[in-house]
Structure formats: structure tokens, C-alpha cells
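Working notes, beginning with the structure itself.
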Amino acid sequence: MSSKNTKTPNKITPEKNTTIDDSFLDQTLRPTSWDEYIGQKHIKDNVKILLRAAEERGHIPEHILFYGPPGLGKTTLAHLIAKETGRQMKITSGPAIEKVGDLASILTNLSSGDILFIDEIHRLNKMVEEILYPAMESGVLDIIIGKGPSARTIQLDLPPFTLIAATTRVAMVSSPLRSRFSGGVFRLEFYSNEEIAKIIERSSKLLKTILENEAIKEIAERSRFTPRTANYFLKRCRDFAQVHKKDLNKKTVKEALNMLAIDDIGLNSSDRKFLEILIEKFNGGPVGLKTIGAAMSEEEATVEEVIEPYLLQLGLLERSPRGRIATKKAYEHLGFDLPEDLQKKLL
């Protein structure tokens with residue numbers, strides 16, 4: 001596989017008296033130690049024990065799979081494990097490994113003890129996945145040379161390595177592959193507003209941005225319980241304050257996020273459009289996914305995987321066998337009067 005599909009992680013430490021280049025901003029905001037990594041305590045505790053036990057035995061850590069919604073820190077955890085163990089990490093993704101030869105190239109170029117990180121592993125080609133099984137389990141690579149009756153199999157020994165994988169759709173990871181992550185399969189949970197506030201406070205210091213406590217709280221409450229979203233909002237608020245020559249207080253943050261069409265509970269324009277169509281055109285539901293997708297001019301997958309999860313989490317939407325239903329909370333948030341004939345059903 002060509003070098004464009006693999007790379008070593010950038011280990012970036014911001015200097016105290018320099019301005020951080022935005023091109024390296026996301027890497028810079030990543031925690032560099034377990035103490036700096038906020039939240040996901042159950043995962044941190046389990047992974048730290050796994051790494052320490054492997055180190056004491058003189059073994060490499062076992063394979064690990066992280067899953068959960070986007071932006072919760074799966075890639076960050078992989079970088080942190082590499083840093084804490086002092087290992088080199090090669091990075092690739094499921095869609096980038098198109099052929100068996102691509103995977104063979106990556107695996108044979110690993111050094112002993114290296115970490116291979118595969119993002120979106122659920123998108124691995126099935127033929128490639130089958131080659132990965134013996135590599136993970138026995139440390140060998142089976143290569144078939146030739147075709148037909150003259151075909152033969154060559155078995156290559158691989159250097160010991162740790163596979164860390166991440167996925168947003170764990171159900172699409174086949175059971176045989178999932179079972180080979182002997183180090184554990186860990187689900188990342190959404191963060192609390194208090195944890196998000198701590199992340200924003202840390203990021204603001206790295207960005208050398210002075211942020212009032214009320215402003216931190218305002219960003220946290222609109223960040224959809226997701227660190228990536230919180231850091232994105234922080235950067236956009238910083239830009240707004242810089243251009244308009246304002247202090248980063250609660251009022252400035254509200255102005256900046258309102259300009260981004262983010263309301264006080266984190267709904268964006270697409271979220272509100274979904275609920276408005278559901279309430280105004282379909283009387284609050286129930287309505288099928290295909291119908292509401294057509295009404296929004298959005299693909300069904302976008303509605304189901306991008307828009308609906310946060311609305312369900314906030315209790316603004318219900319899914320029933322008959323379709324989607326707006327809750328009483330959705331009516332109240334958008335300022336719609338709840339019809340009398342729906343009051344009993346939605347209470």
C-alpha cells in the first residue's frame with residue numbers, strides 16, 4: 001500500500017509563546033496524557049489496566065475496538081495509547097484498504113510492537129477482512145500465489161502488533177472480526193455538560209483565549225454532549241469575537257452561535273426543520289422515514305443517522321412502529337400549541 005494511506009501520528013506540543021497554526025489545531029487540542037483526557041472513566045480505567053498488565057508481562061497490548069457516535073474521542077484514545085506506551089502508530093481507514101495487497105503492504109511494514117489504527121473498520125472489504133483474521137489471531141499473513149490448480153499459499157510471519165480499530169456502526173462489524181478484539185470492545189458514551197465545560201476550558205487555554213465562566217457554560221449547553229462539536233463552537237466563537245473586537249462573554253457567545261443557527265439546546269437548522277415539518281405538515285406524526293425525508297429533500301440515511309439521534313436523546317422525538325412522532329417537549333421548544341386531541345397521547 002502506498003504511503004498516502006498510512007502515516008505516523010503528529011506529536012504536537014504547543015509552545016508557550018507561539019500561536020497555534022489552525023492547520024494543526026485539532027491535533028493540538030487532543031489530550032497528551034490520561035490526566036488530560038476528560039470523561040469516559042470506565043474506558044480509561046480498563047485500558048490503563050490492560051496496558052500496564054501487558055507492560056509488566058513484557059507483551060504487546062491486545063487488540064482493542066472503540067465504537068460510538070462521531071466526535072466522542074475514539075481516534076484520540078488511539079493516539080493516547082500510542083503515546084502512553086511509547087509505540088509508533090500507523091494510521092489508515094477501512095475504505096482506504098481496497099485490496100488484499102494493500103493490507104499485506106501495511107502489515108509487512110510494521111515493526112515489532114507497532115500499533116495499527118484502522119478507522120471506520122466496518123467499511124473494510126470482506127476479502128480484506130478475512131486476511132486480517134489470522135494476522136490478529138496468530139500473527140501470520142496467508143498469501144495465495146497463482147490461480148487454479150497451480151495456486152499455492154505462502155504463510156508469512158508478522159511482527160507482533162496491536163490493532164486498535166474505531167467504528168461508528170458496530171453492528172456492521174462482523175461477529176468473527178469483533179470477537180478477535182481480545183483486549184476489549186468499548187463503547188464511548190456521550191459527555192455530561194460538566195465534562196464538556198472542562199474540555200472547553202482546557203481548549204481555550206491551548207488557544208490562548210480568555211473565556212468567561214458563563215460563556216463556557218453557554219457553549220457546553222449547546223455542544224450536543226460531544227467534544228468535537230464543543231471545540232468547533234469554541235473556535236467559531238473565538239473568530240467572531242476577534243473580528244468584532246469583543247470579549248468572549250456569554251452575550252458574545254450567544255451572538256456567535258445564533259449566527260451559526262444553533263439554538264439554546266444545540267439544535268441546528270436541519271433539526272428544527274425536521275420538527276417543524278413533522279408538526280406543521282403531518283400534525284406531529286406518526287409519519288414514516290421515507291415520507292419525512294422526501295418532505296425535507298434529505299436522504300433517508302441522513303435523517304436517520306444524523307438528525308434523529310440527538311432529537312431522540314433530548315426527548316423531542318419518538319420512534320414507533322407506525323413512524324416518527326413529535327413529543328410534547330418538541331411542541332413547547334418550537335413554540336407550537338399542542339392540539340387538544342394529542343395532549344393525552346403526548347403527555
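Note that these values count all heavy atoms, side chains included, but never hydrogens, waters or copies made by symmetry.
Between Asp263 and the options Arg272, Arg222, Lys254, a salt bridge (Lys or Arg N to Asp or Glu O under 4.0 Å) holds for only Arg272. The one candidate from Ile199, Ile43, Leu77 that meets the side-chain contact (heavy atoms from CB on, under 4.5 Å) condition with Tyr37 is Leu77.
Side chains of Arg236 and Leu260 form a contact here, defined as non-hydrogen atoms less than 4.5 Å apart. Taking the side chain as every heavy atom from C-beta outward, Leu267 and His333 approach each other to under 4.5 Å. Counting heavy atoms from C-beta on, the side chains of Arg324 and Glu318 never come closer than 4.5 Å.
Aromatic ring orientation, His244 versus Phe240: tilted (interplanar angle from 30° to 60°). The aromatic rings of Tyr331 and Phe336 stand perpendicular to each other, their planes meeting at an angle above 60°, with 30° marking the opposite boundary.
Heavy atoms of other residues, nucleotides or ligands lying less than 6.0 angstrom from CD1 of Ile210 number 12 at most. Annotation: Glu55, atom CD; neighbour count of heavy atoms from other residues, nucleotides and ligands within 6.0 Å does not exceed 12. No more than 12 heavy atoms of other residues, nucleotides or ligands sit less than 6.0 Å from atom NZ of Lys251. Environment of CD in Glu299: sparse, with no more than 12 heavy atoms of neighbouring residues, nucleotides or ligands closer than 6.0 Å. In this structure, Asn213 places its CG atom where only 12 or fewer heavy-atom neighbours from other residues, nucleotides or ligands lie under 6.0 Å away.
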Evaluate side chain to side chain contact (heavy atoms under 4.5 Å, CB included) for Met136 paired with Phe181, printing each intermediate quantity in order. CA-CA 8 Å; Met136 293 175 66; Phe181 287 96; 4.0 Å; yes

Working for side chain to side chain contact (heavy atoms under 4.5 Å, CB included), residues Ile325 and Leu317: CA-CA 6 Å; Ile325 302 172; Leu317 178 70; 5.9 Å; no

Determine, step by step, whether Glu212 and Ile216 satisfy the side chain to side chain contact (heavy atoms under 4.5 Å, CB included) criterion, reporting the C-alpha distance in whole Å, the side-chain angles of both residues, the deciding distance to 0.1 Å, and the verdict. CA-CA 6 Å; Glu212 293 183 2; Ile216 292 174; over 6 Å; no

Derivation and outcome, salt bridge (charged side-chain N to carboxylate O under 4.0 Å, His left out), residues Lys329 and Glu332: CA-CA 5 Å; Lys329 190 175 179 181; Glu332 292 173 347; over 6 Å; no

Evaluate Ile81 against Phe117 for side chain to side chain contact (heavy atoms under 4.5 Å, CB included), listing each step before the verdict. CA-CA 11 Å; Ile81 290 170; Phe117 176 63; over 6 Å; no

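For the pair Asp114 (side chain) and Ser111 (backbone), a donor-acceptor distance under 3.5 Å is present. Under the 3.5 Å distance criterion, the side-chain polar atoms of Thr226 are left unmatched by any main-chain donor or acceptor of Leu72. The main-chain N or O of Asp247 is found under 3.5 Å from a side-chain atom of Thr252 such that the two form a donor-acceptor pair. Panel note: side chain Arg87, backbone Lys83; no donor-acceptor pair is recorded below 3.5 Å. Using modelled atom types, one side-chain atom of Glu195 and one backbone atom of Ser192 make a donor-acceptor pair closer than 3.5 Å. Looking at Asp45, its side chain never comes within 3.5 Å of a backbone N or O of His42 through a donor-acceptor pair. A donor-acceptor contact shorter than 3.5 Å links the side chain of Ser223 to the backbone of Ile219. Side-chain N or O atoms of Thr162 include one that pairs as donor or acceptor with a backbone N or O of Pro61 at under 3.5 Å. Side-chain atoms of Lys90 do not come within 3.5 Å of backbone N or O of Ile115 as any donor-acceptor pair.
Between Arg319 and Glu308, at least one side-chain N (NZ, or NE/NH1/NH2) sits under 4.0 Å from a carboxylate O, which counts as a salt bridge. Using a cutoff of 4.0 Å between basic side-chain nitrogens and carboxylate oxygens, Glu201 and Lys198 are not scored as salt-bridged. The pair Asp271-Arg224 meets the salt-bridge criterion, since a charged nitrogen lies less than 4.0 angstrom from a carboxylate oxygen. Here Arg187 pairs with Glu189 in a salt bridge; the nearest charged N to carboxylate O distance falls below 4.0 Å. Using a 4.0 Å cut-off between charged nitrogen and carboxylate oxygen, Arg52 and Glu56 count as a salt-bridge pair. Using a 4.0 Å cut-off between charged side-chain N and carboxylate O, Arg169 and Glu120 make no salt bridge. A salt bridge links Glu36 and Arg202; the closest N-O separation between the charged side-chain nitrogens and carboxylate oxygens is under 4.0 Å.
When all heavy atoms are compared, the tightest approach of Gly293 to Val303 is CA-CG2, 4.1 Å. Heavy atoms only, all atoms of each residue included: Leu248 and Cys237 are closest at CD2-O, 3.6 Å. The heavy-atom pair separating Tyr191 from Ile38 by the smallest distance is CE2-O, 3.0 Å. Contact between Met296 and Ile307 at its shortest, heavy atoms only, is CE-CD1, 3.7 Å. Contact record, Ala220 with Ile200: N-CD1, 3.6 Å, taken as the closest heavy-atom pair.
Looking only at atom types and distance, the side chain of Tyr133 has no donor-acceptor partner in the side chain of Glu137 under 3.5 Å away. Judged by distance alone, the side chains of Ser105 and Asp102 never bring a donor and an acceptor atom under 3.5 Å apart. His63 and Ser182 share no donor-acceptor pair across their side chains, judged by distance under 3.5 Å alone.
Linking ILVMFWY side-chain heavy atoms closer than 4.5 Å, directly or via other members, places Leu177 and Val140 in two distinct hydrophobic clusters.
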